[in-house]
Each structure stands twice: as structure tokens, then as C-alpha cells.
Amino acid sequence: MDTDSHDAANDAPVDRKVIQDLRDEGENLLSELVEMFICEVPGQLAMLEAALAKRDAGVTRLTAHTLKGTGGNFGASRMLALASAIEEKGRNGSLDGACAILVLLRAECVRVREALEAAR
Amino acid sequence: MTVSALIIDDSPFARKIIRHHLVKLGFRVVGEAETAAQGLKLFRELKPKLVTLDVMMPEREHISSLAAFRTMRSEAPETAVVVVSAVPFEKTRETFLNEGATAYVIKPFSQFSFEPVRQKLQRIFPASLAPPPILTH
């Protein structure tokens, strides 16, 4: 998966329309989801790092899948794509290069978090 | 009388969003599961009238989403099953709809993406659900 070919026009960390739709639902839904992101993503990234250190393809696949889904709920397309790339490596049982993608994913999760905190 | 619903999705974010939309429609969420195996167990215990099922959950305890769906359809065909997916694979969509899924919804949810589902559910449970929302653009 080419993680570098990212459309500049689509470089926003989250999808503004998705965020607005969540905000429009009211009842603190967006705020609570952002809080969940802040609480849960660091642990998931740590779990992914540990899985890669142990070369555990199974846990790598599952944890990356979780992060992919988390990004998807906010229209965080680059976060989703990076997590998906790691998930695929876990599924294939070939983890070479996954650590380098994790570095990019960590940075992207920071961008997503900042965008979500600004949006809530 | 409110209609009972069970949510099966490995993402806590998705479960929260789906719960929000179902409650807004007038459903009573009686359970949540994060794997197909857990979902099947709760399905048998709680006997919900509606199930939402994520098709892209990693297989755990040797039960896939498709296997759980087929078992639910076999054991309680009157239960409405709304299938949820982050990716619009046409073949997957066709499989589930041909085998009796009530609807196939693509994430992320919004009141607009959920509107066609709401209309179908309103036809299935006409006396039980909240009136249609006013969709704002």
C-alpha cells in the first residue's frame, strides 16, 4: 500500500462533513466520541507497538483493525489507510515495514486528535 | 411498546453511534456485543426484534459475521437484521440482502445515511417507532 500518495486536496485529518453530522446529532455525542478517542487510542497504539515488537501477526491485525475502525468513524481517511496497511501485513503474516507505517500512524493520530479537540 | 434491539459491532465508537440513532428512532437497545460469537449468544438470550451486525469484524471463536447472520436468519427469521459495513463491497452487499438482511448500511453513519434504513424499519414496526425526523441540510 502506498502511504505517500495522499491527495493534497484531501489532507484534512478528519472529514468536516462527518464531524458536522455528529455535532448536529446533539446530546453531546461528538464530545463523548472525542473523549473516547483521547482515552482509547494511546493504549491501542501501545498495544500495536508491543505486538510488532513480539512479531505477533494476529494481535497486530486485530489492533490495527480496531484503529482503522476508529478512524473511519470520524472520516479520518489517512489514519484509516495507515491502520489498514498494518492490518493487511498482519493478515498476511508478513510484518516487514509495519514499524515504519506505525510511526506515520502515530503522527496521524496526533493530527486527528488535535482536529477532534478543536471540533468538539 | 418499544422494539428491542441488539447491536453487534467490534468498534465501541460504532456501537455508540448506532445506539444513538436507534434510540432516537424509538428502539430499546437491550444488548451490545463486540464479536459475532458474543452477539449470537446475546441474540439467543435476549431475542431482540432488531439486530445490527457489522460484517467486517475479525473472526473470533471461529464464528464469522456471515455465519452468525445465517444462524440468526435460520433460528429467528422474523428478526430484522440490518447489516453494517465500513466498505461498500457489492458482492458482500448482495449476499446479505439476498439472504434476507433488511438493509445494508455503510459507515460512517449520519441521519442521512440512516434515513433509508429508518424508512424500512418504520414499515416493519409501524406502531412502535418515533415519527420521522426533519432532516436538516
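Within every chain, numbering begins at 1; the chains are lettered A, B, ... in the order of the sequence lines, protein sequences first and strands thereafter. Note that the coordinates shown come from a computational prediction; the quantities given were computed from them, not determined experimentally.
- Applying the side-chain hydrogen bond (donor to acceptor under 3.5 Å, both in side chains) rule to pairs touching residues 34-48 of chain A yields Glu35(A)-Arg120(A), sequence neighbours excluded.
- Partner of Phe69(B) under the ring pair (Phe, Tyr, Trp, His ring centres under 6.0 Å) criterion, chosen from Phe96(B), Phe43(B), Tyr104(B): Phe96(B).
- For residues 50-58 of chain B, a heavy-atom distance under 4.5 Å to chain A picks out Met56(B), Met57(B), Pro58(B), given by residue number.
- For Glu27(A) and Lys24(B), the salt-bridge test fails: no basic side-chain N is under 4.0 Å from an acidic carboxylate O.
- Residues Leu42(B) and Val30(B) form no side-chain contact, since every pair of their non-hydrogen atoms from C-beta on lies 4.5 Å or further apart.
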Output, in order, the C-alpha distance, side-chain angles, deciding distance and verdict of side-chain contact (heavy atoms from CB on, under 4.5 Å) for Thr95(B) and Thr92(B). CA-CA 5 Å; Thr95(B) 298; Thr92(B) 306; 5.7 Å; no
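- Not one N or O on the side chain of Arg78(A) forms a donor-acceptor pair closer than 3.5 Å with the backbone of Glu108(A).
- Ion pairing of Glu114(A) with Arg111(A) is absent here, as no side-chain N (NZ or NE/NH1/NH2) approaches a carboxylate O to less than 4.0 Å.
- Distance alone, capped at 3.5 Å, is enough to place a donor-acceptor pair between the Thr70(A) side chain and the Thr66(A) backbone.
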Which is it for Glu94(B) and Lys91(B) under the salt bridge (Lys or Arg N to Asp or Glu O under 4.0 Å) test, yes or no, and what are the steps along the way? CA-CA 5 Å; Glu94(B) 273 178 24; Lys91(B) 194 163 163 25; over 6 Å; no
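- For Arg61(A), the part lying near chain B is the side chain, with the backbone staying farther off; criterion is any non-hydrogen pair under 4.5 Å.
- In this structure, Leu105(A) is not a member of the same hydrophobic cluster as Val59(A), with clusters built from ILVMFWY side-chain heavy atoms closer than 4.5 Å.
- Counting heavy-atom pairs closer than 4.5 Å to chain B, the top residue among Val18(A), Leu62(A), Asp21(A) is Leu62(A).
- Counting only distance, with no hydrogens or angles, the side chain of Asn92(A) and the backbone of Ser94(A) share no donor-acceptor pair below 3.5 Å.
- Residue contact with chain B, scored on non-hydrogen atoms closer than 4.5 Å, involves the backbone and the side chain of Phe37(A) alike.
- Dense packing is recorded around CZ of Arg23(A), with more than 12 heavy atoms of other residues, nucleotides or ligands lying under 6.0 Å away.
- The contact list for residues 11-22 of chain B toward chain A, using heavy atoms and a distance under 4.5 Å, reads Ser11(B), Pro12(B), Phe13(B), Ala14(B), Lys16(B), Ile17(B), His20(B), His21(B) by residue number.
- Salt bridge Glu90(B)/Arg93(B): present, at least one basic N to carboxylate O contact under 4.0 Å.
- For Leu80(A), no part lies under 4.5 angstrom from a heavy atom of chain B.
- Chain B is approached within less than 4.5 Å, heavy atom to heavy atom, by no residue from residues 46-57 of chain A.
- The shortest side-chain heavy-atom distance between Thr35(B) and Glu61(B) falls under the 4.5 Å cut-off.
- Highest contact tally toward chain B, considering only Gln20(A), His65(A), Glu87(A), is held by His65(A) [criterion: heavy-atom pairs under 4.5 Å].
- When atom types are taken as modelled, the side chain of Lys107(B) and the backbone of Asn73(A) share no donor-acceptor pair closer than 3.5 angstrom.
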